[in-house]
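Everything on this sheet refers to the single structure shown next.
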Amino acid sequence: MTDIEELLLSRIRDVADYPEPGVMFKDITPLLADPAAFTALTDALAEIAGSTGATKIVGLEARGFILGAPVAVRAGIGFIPVRKAGKLPGATLSQAYDLEYGSAEIEVHAEDLAAGDRVLVVDDVLATGGTAEASIQLIRRAGAEVAGLAVLMELGFLGGRARVEPTLAGAPLESLLTV
């Protein structure tokens, strides 16, 4: 295990039975509260942005905003929020996707992405991969290229990588931690 992996893991708190019984929630708020850990995380994700040639960062609501915005600043590139349906004013593109029980929809401002943009998707966790997959589809529908997907933590036992990799079509999926 690398020093950064040890640092990041040491700042992630397990919360049993949240949001429902039987679930072990991975709480990143202690990591965000630690300036050294948050800086190390931001630097690691900004390095991924640089290595993929990204020109914009898409952050997925809501923790992807917290991680993606400082990564964009550090990398010197633009930040675009992808929000739950109905949260953005003006013209949007939307993408529906299936959840374990039901469905959801995400949106982006139509004018924020264009041909020539190379977009790195940033989020805190890759779980089942539904939201990440929908965001990749949304980016492509906007005419931009997907540079990759970068997450703090991958919950390997939920199979998100297997779901998302075909949609990435060869673009990298980088996870700083796998639990």
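Within a 6.0 Å sphere centred on CD of Glu61, heavy atoms belonging to other residues, nucleotides or ligands number more than 12. Heavy atoms of other residues, nucleotides or ligands lying less than 6.0 angstrom from OH of Tyr18 number 12 at most.
Using a 4.5 Å heavy-atom cutoff, the side chains of Val108 and Val58 are not in contact. Considering only heavy atoms from C-beta on, Val146 comes within 4.5 Å of Arg140 through its side chain. Counting only heavy atoms from C-beta outward, the side chains of Val151 and Asp124 never approach each other to under 4.5 Å. Residues Arg141 and Gln95 are in side-chain contact: their nearest non-hydrogen atoms beyond the backbone lie under 4.5 Å apart. A 4.5 Å side-chain heavy-atom check between Leu120 and Leu149 finds every atom pair outside the cut-off. A 4.5 Å side-chain heavy-atom check between Arg161 and Glu154 finds at least one atom pair inside the cut-off. Using a 4.5 Å heavy-atom cutoff, the side chains of Val125 and Ile28 are not in contact. A 4.5 Å side-chain heavy-atom check between Phe38 and Ile66 finds at least one atom pair inside the cut-off.
With hydrogens and angles ignored, the 3.5 Å screen pairs a side-chain donor or acceptor of Thr52 with a backbone N or O of Ala49. A side-chain donor-acceptor contact under 3.5 Å links Lys56 to the backbone of Asp112. Looking at Asp17, its side chain does come within 3.5 Å of a backbone N or O of Gly22 through a donor-acceptor pair. A donor-acceptor contact shorter than 3.5 Å links the side chain of Ser175 to the backbone of Leu177. With hydrogens and angles disregarded, no donor-acceptor distance shorter than 3.5 Å links the side chain of Glu165 to the backbone of Ala162. Looking only at distances, a side-chain donor or acceptor of His109 sits under 3.5 Å from a matching main-chain atom of Pro89.
Ser103 contributes atom OG, which lies 6.5 Å from atom CG of Asp98 (distance to the nearest 0.5 angstrom). Atom CG of Leu168 sits about 4.0 Å away from atom CD1 of Ile136, to the nearest 0.5 Å. In this structure, CD1 on Ile80 lies 7.0 Å from CG on Asp117, to the nearest 0.5 angstrom. Taken from CD1 in Ile106 to OG1 in Thr92, the straight-line distance is 11.0 Å, to the nearest 0.5 Å.
One finds no salt bridge joining Arg63 and Asp123 here, because no Lys/Arg side-chain nitrogen approaches an Asp/Glu carboxylate oxygen to under 4.0 Å. Ion pairing of Arg163 with Glu133 is present here, as a side-chain N (NZ or NE/NH1/NH2) and a carboxylate O approach within less than 4.0 Å. With respect to Arg118 and Glu145, a salt bridge is recorded, a charged nitrogen being found less than 4.0 Å from a carboxylate O.
Closest of all the heavy-atom pairs between Gly129 and Val164 is O-CG2, 3.5 Å. Ile4 approaches Ala44 most closely through the heavy-atom pair CD1-CB, 3.7 Å. When all heavy atoms of Glu107 and Ser94 are compared, the closest pair comes out as CG-CB, 3.6 Å. Residues Met24 and Asp14 approach most closely at SD-CB, 3.4 Å, considering heavy atoms. Considering all non-hydrogen atoms of both residues, Ala37 and Leu7 come closest at CA-CD2, 3.8 Å. Counting all heavy atoms, side chain and backbone alike, Phe79 lies closest to Ala72 at CB-CB, 3.8 Å.
A continuous path of ILVMFWY side-chain contacts below 4.5 Å connects Ile77 to Ile48, so both sit in one hydrophobic cluster. Residue Leu31 is grouped with residue Val122 when hydrophobic side chains (ILVMFWY) are merged at heavy-atom distances under 4.5 angstrom, including chains of intermediate members. Residue Val15 is not grouped with residue Leu8 when hydrophobic side chains (ILVMFWY) are merged at heavy-atom distances under 4.5 angstrom, including chains of intermediate members. Under the 4.5 Å side-chain heavy-atom criterion for Ile, Leu, Val, Met, Phe, Trp and Tyr, Val179 and Leu176 are members of the same hydrophobic cluster. Placement of Met153 and Val71 within a single hydrophobic cluster is found when ILVMFWY residues are connected by side-chain heavy-atom separations under 4.5 Å, directly or transitively.
Between Thr131 and Tyr97, the side chains place a donor N or O and an acceptor N or O closer than 3.5 Å (distance only, hydrogens not considered).
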Might you work through the side chain to side chain contact (heavy atoms under 4.5 Å, CB included) test for Val82 and Ile139, ending with a clear yes or no? CA-CA 10 Å; Val82 168; Ile139 290 163; 5.8 Å; no
Full working for side chain to side chain contact (heavy atoms under 4.5 Å, CB included) between Ile12 and Leu152: CA-CA 11 Å; Ile12 296 171; Leu152 163 59; 4.3 Å; yes
Working note: Phe65 + Arg83, criterion side chain to side chain contact (heavy atoms under 4.5 Å, CB included); need CA distance, chi angles, decisive distance, verdict. CA-CA 9 Å; Phe65 296 176; Arg83 307 247 10 221; 3.6 Å; yes
With side chain to side chain contact (heavy atoms under 4.5 Å, CB included) as the test, would you mind laying out the steps for Ile57 and Val119 before giving the verdict? CA-CA 6 Å; Ile57 299 288; Val119 182; over 6 Å; no
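Residues passing the side chain to side chain donor-acceptor pair (under 3.5 Å) test with Asp34 are Arg11, sequence neighbours excluded.
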